[in-house]
J.: 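Have a look at the structure that comes next, please.
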There are 2 protein chains.
Amino acid sequence: MSHSLGVRQAQKQKTRQALLDGALGLLEEQSLSSLGLREVTRVVGIAPTAFYRHFRDMGELGVALVEEALGSLHVMVRAILAEQDGAEERIDRTVAVVEQHVRRYPLHIRFVARERHGGVRAVRQAIAGELDRFAEEVAAALKTQPVSEGWCDDDVRMLAELYVDRLVMTAAALLDAEADGVEGAAGQVVRVARRQLRLISIGRRHWREEK
Amino acid sequence: MSHSLGVRQAQKQKTRQALLDGALGLLEEQSLSSLGLREVTRVVGIAPTAFYRHFRDMGELGVALVEEALGSLHVMVRAILAEQDGAEERIDRTVAVVEQHVRRYPLHIRFVARERHGGVRAVRQAIAGELDRFAEEVAAALKTQPVSEGWCDDDVRMLAELYVDRLVMTAAALLDAEADGVEGAAGQVVRVARRQLRLISIGRRHWREEK
DNA sequence: TAGTTCGGAGAACGGTTGTTTACTGGATGA
DNA sequence: TCATCCAGTAAACAACCGTTCTCCGAACTA
């Protein structure tokens, strides 16, 4: 396999990616359900009708964007879960990774936060499903940690969901803070997020001894 | 003051409310930035041009909806904070109130969850500001509780934000669960929410003794 | 009662939308 | 080399959009 793709398919994937990128850019300042097919093709520089060669409608493009956006998030979470330090170091590292991810993929974060409860059903479901797999992955990692000894699977899962939600919310808040341009707002968000994770971590350590 | 309002103004407020209600209904299945002016007036049963007698554009109507929706949320939170029972009873009561609120004002909840990160800047800012006042109110209530002794204001505030976010997320999840129609999904959400609040509550009790 | 105010109606505007149909020309594969 | 495929083009369609301007009639005010 000297060339994994023919010229034909390579070019097709190229304009497909251009459509995704163009749409993602436009979605910085509007939501998916108001994004027009013509608007996207205009930005990409192709004829409106060419859109149909790649997606049936904007909803399908949205679902493709979900896979792209949450794929990059998966990388982020794996980077966090790989750490084996103490609780405090892990928290600092977690928030730092989130911060860096927001700076690298701001449009992805914005898209996920916006369309998670957005107006397109198929996209909402795609995000929900992906975040679900996400929580499952986090739960599996939490389970291996010594602190989780004696925890039932349901409790680990609810903790994982708490973490995932918090990470997404923090990322969105961080994005808003940077967009507002208020000096120091981002730093404030980071410091609050650290303390919130710390409080959850404390609750986790004392979970078993209560009931 | 036998009649607080003339027939004129009363009728105006009536159709204004009809516009808000009509828009809110349409917003169940789409987002604000894709909602058309004509679409709303058509549902209400008035001429498109009459819209301008009440709002400059859809963004302004959105901001008005924010005030209406979060006004009802304020009532909910006050009901929660008024309780003076033990931690466990308060958690059960909190989740119950949220559950009942979701069932009474599903469209308001949907709107807030959707437009919190939505495509209309003015509406986003209105929601953010309202949730901020919200967190402040919760923080003030938390501060009076014995558990908060020795807490600095910043820490109380970060806890309040954690609670507010959690409540909004729970309400949205509850709404989705009921919309999906899966039997028992709502109950599952409620049980998870209770345990998450319990874990946060435990973290809160052991906060001071760490660090 | 006479004059004014104003919420709403109606028609018309230029512009944009999604989608269809027919077509072109270069990559593809026998 | 030659027939086939297929990503992208071009034109046309009816439907809808936000907005302006003009007018009406009922509620107000003096």
J.: Check B:Arg93 with B:Asp85, please: is the shortest side-chain N to carboxylate O separation under 4.0 Å?
T.: no
J.: Does either side chain, that of A:Glu130 or that of A:Gln125, offer a donor lying less than 3.5 Å from an acceptor on the other one?
T.: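 Result is no, nothing qualifies.
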J.: Do the side-chain N and O atoms of B:Arg204 and B:Ser148 include a donor-acceptor pair separated by under 3.5 angstrom?
T.: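 On atom types as modelled, these side chains qualify, holding a pair under 3.5 Å.
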J.: Separation of B:Lys12 atom NZ from D:dC28 atom P, in whole Å?
T.: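 My rounded result for the distance is 13 Å.
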J.: Under 3.5 Å, is there a donor on one side chain and an acceptor on the other for B:Ser34 and A:Ser34?
T.: no
J.: Between C1' on D:dT20 and CZ on B:Arg56, what's the gap in Å once rounded to a whole number?
T.: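 Result: 15 Å.
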J.: Can you measure B:Leu35 atom CG to D:dG18 atom C1' for me and round it to whole angstrom units?
T.: 13 Å
J.: I'd like the 5' and 3' limits of the part of DNA chain C contacted by chain A, with heavy-atom contacts below 4.0 Å.
T.: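 Range of nucleotides within reach of chain A: C:dT17 to C:dT28.
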J.: Strictly by modelled atom types, are A:Gln13 and A:Arg8 linked by a side-chain donor-acceptor pair under 3.5 Å?
T.: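 Checked: A:Gln13/A:Arg8 side chains show no N/O donor-acceptor pair below 3.5 Å.
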J.: Would you say A:Arg38 places a side-chain N or O within less than 4.0 Å of OP1 or OP2 belonging to D:dC17?
T.: no
J.: Side chains of B:His74 and B:Glu137 only: does a donor on one sit below 3.5 Å from an acceptor on the other?
T.: yes
J.: How many Å lie between CZ on A:Arg8 and C1' on D:dG8, as a whole number?
T.: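 Interatomic distance, CZ of A:Arg8 to C1' of D:dG8: 11 Å.
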J.: Take B:Val7 and B:Met58, find for each the nucleotide of DNA chain D with the closest heavy atom, and name the residue whose nucleotide sits nearer the 5' end.
T.: B:Met58
J.: Please give, in whole Å, the distance from D:dA10 P to A:Ile46 CD1?
T.: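 Those two atoms, CD1 and P, are 12 Å apart.
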J.: Report the distance from atom CG of A:Leu19 to atom P of D:dA7, rounded to the nearest whole Å.
T.: 13 Å
J.: Taking CD from B:Gln11 and C1' from D:dA27, how many angstroms apart are they, rounded to a whole number?
T.: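 Whole-Å distance recorded here is 11 Å.
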J.: Have a look at B:Arg42 and say if it touches a base, only the backbone sugar-phosphate, or nothing, with a 4.0 Å heavy-atom cut-off.
T.: sugar-phosphate
J.: D:dG18 P sits how many Å from B:His54 NE2, rounded?
T.: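 Rounding to the nearest Å, NE2 of B:His54 and P of D:dG18 are 16 Å apart.
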J.: Quick test of your reading of the model: are B:Arg103 and B:Glu99 salt-bridged, counting only N-O distances below 4.0 Å?
T.: yes
J.: For B:Thr15 and for A:Thr49, locate the closest nucleotide of DNA chain C by heavy-atom distance; then report the residue assigned to the nucleotide nearer the 5' terminus.
T.: B:Thr15
